[in-house]
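Presented below is the structure to which this report refers.
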Amino acid sequence: IFCYNPILTCLSKAGKMEEARALFSEILEKGLTPDALTYGALICGYSKEGNMMAAAMCFNEMLDRGLLPDNLVYTVLIDGYFKAGNVIEAVAIFHHMKEKNLVPDHVTYCSLISGFCKQGEIEKAVQVYQEMCVEGVEPNIVILNALIDGLCKLGNIQGARQLFDGIEEKGLAPDNITYSTMIDGYCKAGNVSEGFKLFDDMQLKGVEPHSFVYNALLNGCCREENMDKALNLFHEMLQKGFATVVSYNILINGFCKSWKIQEAQSLLETMIEKQVLPDHVTYTTIIDWHCKVGMMEEAYRIF
RNA sequence: GUGGAUCCUCUAC
């Protein structure tokens with residue numbers, strides 16, 4: 001079993017659950033006894049791919065064998081249930097974990113907070129955050145990022161900004177994700193200039209913006225249909241090597257929204273030249289807009 | 001020790 005576990009872990013991590021399942025059957029056929037790590041690997045893998053039925057079966061089998069799931073197993077289950085939209089089960093698992101006297105850690109709390117945020121239940125997320133603080137788990141930057149994002153996405157940009165402004169007095173420092181979250185929040189709220197202000201601030205603080213930050217701003221410019229500004233930024237990105245397939249997708253969509261289908265089309269050719277592989281988003285965007293303007297022949301050709 | 005958490009783009013739902 002000690003030989004099988006690491007292989008199983010690798011398969012689960014790579015998302016190859018059919019193979020993991022086959023290996024697990026082989027373990028049973030050989031008369032070996034799976035241990036907590038064996039089940040842990042399977043549960044992680046299934047949860048990650050959103051197969052919560054299979055994850056739950058493994059979890060129950062594990063309990064039936066008298067094996068004790070650790071913090072990590074509970075956390076991936078909570079995370080998986082939230083991502084599958086099953087808040088009830090996620091919360092039930094959290095309670096189960098506490099009944100077993102396990103101590104939820106940063107990652108567990110973060111999964112709960114982010115999960116509630118994505119379900120639009122920000123007050124629950126805040127409640128968990130407060131409970132976490134009472135339990136003596138100090139907030140870290142990842143947790144604050146999750147909360148800030150939740151507030152932004154629910155349109156509470158002021159609340160997000162308050163949390164953001166309080167980061168340093170907690171002895172923490174905003175990172176690239178913090179900035180890209182806030183900047184995206186401002187851009188989506190229609191306040192692109194505040195996004196650029198934060199973009200300057202972060203550089204003054206020595207946090208070098210990476211591609212997500214640029215992409216958020218790029219998208220902000222496109223939403224304002226300010227394609228000149230978008231192109232300026234894009235050239236900076238090209239120079240710094242931060243232009244990804246997402247950056248191209250944002251620009252292509254921006255041009256399409258401004259009815260500049262030709263520009264979008266030539267950008268598609270540029271990206272191919274530059275060895276940036278178009279993905280399904282690129283093609284969905286281009287094809288969708290060709291349909292919208294009635295260029296069905298061309299849409300089919302690209303398809 | 002090892003497996004877990006947070007940010008950007010399109011369409012549809």
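Worth knowing before you read on, the calculation uses all heavy atoms, side chains too, and leaves out hydrogens, waters and symmetry mates. Computed from a prediction, not measured in an experiment: that's the story for all the values here. By convention in this document, chain letters (A, B, ...) are assigned in the order of the sequence lines, proteins followed by strands, and residues within each chain are numbered from 1.
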Pairs touching residues 284-303 of chain A that satisfy ring-ring contact (aromatic ring centres under 6.0 Å, His included), sequence neighbours left out
A/Trp259-A/Trp289

Distance-only polar pair, side chains of A/Tyr4 and A/Lys30, donor-acceptor under 3.5 Å:
yes

From the set B/G3, B/U9, B/U6, return the single nucleotide nearest to any side-chain atom of A/Val281.
B/U9

Can you check the A/Ile183 CD1 to B/C8 P distance for me, whole Å?
13 Å

Tell me whether the side-chain N or O atoms of A/Ser180 pair up with the base of B/C7 as donor and acceptor below 3.5 Å, since no angle test is needed here.
yes

Round to a whole Å and report the spacing from OH of A/Tyr179 to P of B/C8.
18 Å

Presence of A/Lys153 side-chain N/O under 4.0 Å of B/C8 phosphate oxygens OP1/OP2
yes

Per A/Asn71 side chain, nearest of listed nucleotides B/C8, B/U11, B/G4:
B/G4

How does RNA chain B look in dot-bracket notation if pairs are Watson-Crick or G-U with both distances under 3.5 Å, crossing ones as [ ], other-strand ones as |?
.............

Short side-chain N/O contact to B/G4 OP1/OP2 from A/Lys83, under 4.0 Å:
no

Mind checking if A/Asp105 touches a base, just sugar-phosphate, or nothing, with heavy atoms under 4.0 Å?
base

Ionic contact status for A/Lys16 with A/Glu49, cut-off 4.0 Å:
no

Nearest to the side chain of A/Val73, heavy atoms from C-beta on, is which of B/U6, B/G3, B/C10?
B/G3

Smallest heavy-atom separation, A/Ala216 atom then A/Ile183 atom, equals CB-CG2, 4.2 Å

Atom-to-atom span, OH of A/Tyr4 to C1' of B/U2 - whole angstrom
20 Å

Short N-O contact, A/Arg301 and A/Glu298, less than 4.0 angstrom
yes

NA contact type, A/Asn140, heavy-atom cut-off 4.0 Å: base, sugar-phosphate, or nothing?
base

Classify A/Lys257 by what it touches in the nucleic acid, base, sugar-phosphate, or nothing, heavy-atom distance under 4.0 Å.
nothing

Under 4.0 angstrom between A/Lys118 side-chain N/O and B/C7 OP1 or OP2
yes

Rounded to the nearest angstrom, tell me the gap between atom CG in A/Leu233 and atom P in B/C8.
17 Å

Mind checking if A/Val142 touches a base, just sugar-phosphate, or nothing, with heavy atoms under 4.0 Å?
base

Taking atom types as they are modelled, would you say the side chain of A/Asn145 forms a donor-acceptor pair with the base of B/U6 within the 3.5 Å cutoff?
yes

Once you round it to whole Å, what is the distance between P of B/G3 and CG of A/Asp79?
17 Å

Proximity of A/Tyr74 and A/Phe59 rings by center, below 6.0 Å
yes

Interatomic distance where CD1 belongs to A/Ile7 and P belongs to B/G3 [whole Å]
14 Å

Winner on side-chain proximity to A/Lys48, out of B/U6, B/C10, B/G4, is B/G4

Starting from C1' on B/U9, measure out to CE on A/Met227 and report it in whole angstrom.
13 Å

Using a 4.0 Å heavy-atom cut-off across all strands, classify A/Asp70 as base, sugar-phosphate, or nothing.
base

Are A/Tyr46 and A/Tyr39, when compared by the centres of their aromatic rings, separated by less than 6.0 Å?
no

From the options B/U9, B/A5, B/C7, select the nucleotide whose nearest atom is closest to the side chain of A/Val107.
B/A5

Contact class for A/Leu72 (heavy atom, under 4.0 Å): base, sugar-phosphate, or nothing?
base

The side-chain contact (heavy atoms from CB on, under 4.5 Å) partner of A/Asn249 among A/Leu218, A/Leu268, A/Ile286, A/Val281 is A/Val281

Would you check if there is a donor-acceptor pair between the side chains of A/Thr38 and A/Asn5 at a distance under 3.5 Å?
yes

Pick base, sugar-phosphate or nothing for A/Thr181, based on heavy-atom distances below 4.0 Å to the nucleic acid.
sugar-phosphate

Under 4.0 Å, heavy atoms only, any strand: does A/Ser114 hit a base, just the sugar-phosphate, or nothing?
sugar-phosphate

Could you tell me whether A/Thr178 contacts a base, only the sugar-phosphate backbone, or nothing, with contacts defined as non-hydrogen atoms closer than 4.0 Å?
nothing

A/Leu77 CG to B/A5 C1': how many Å, rounded?
14 Å

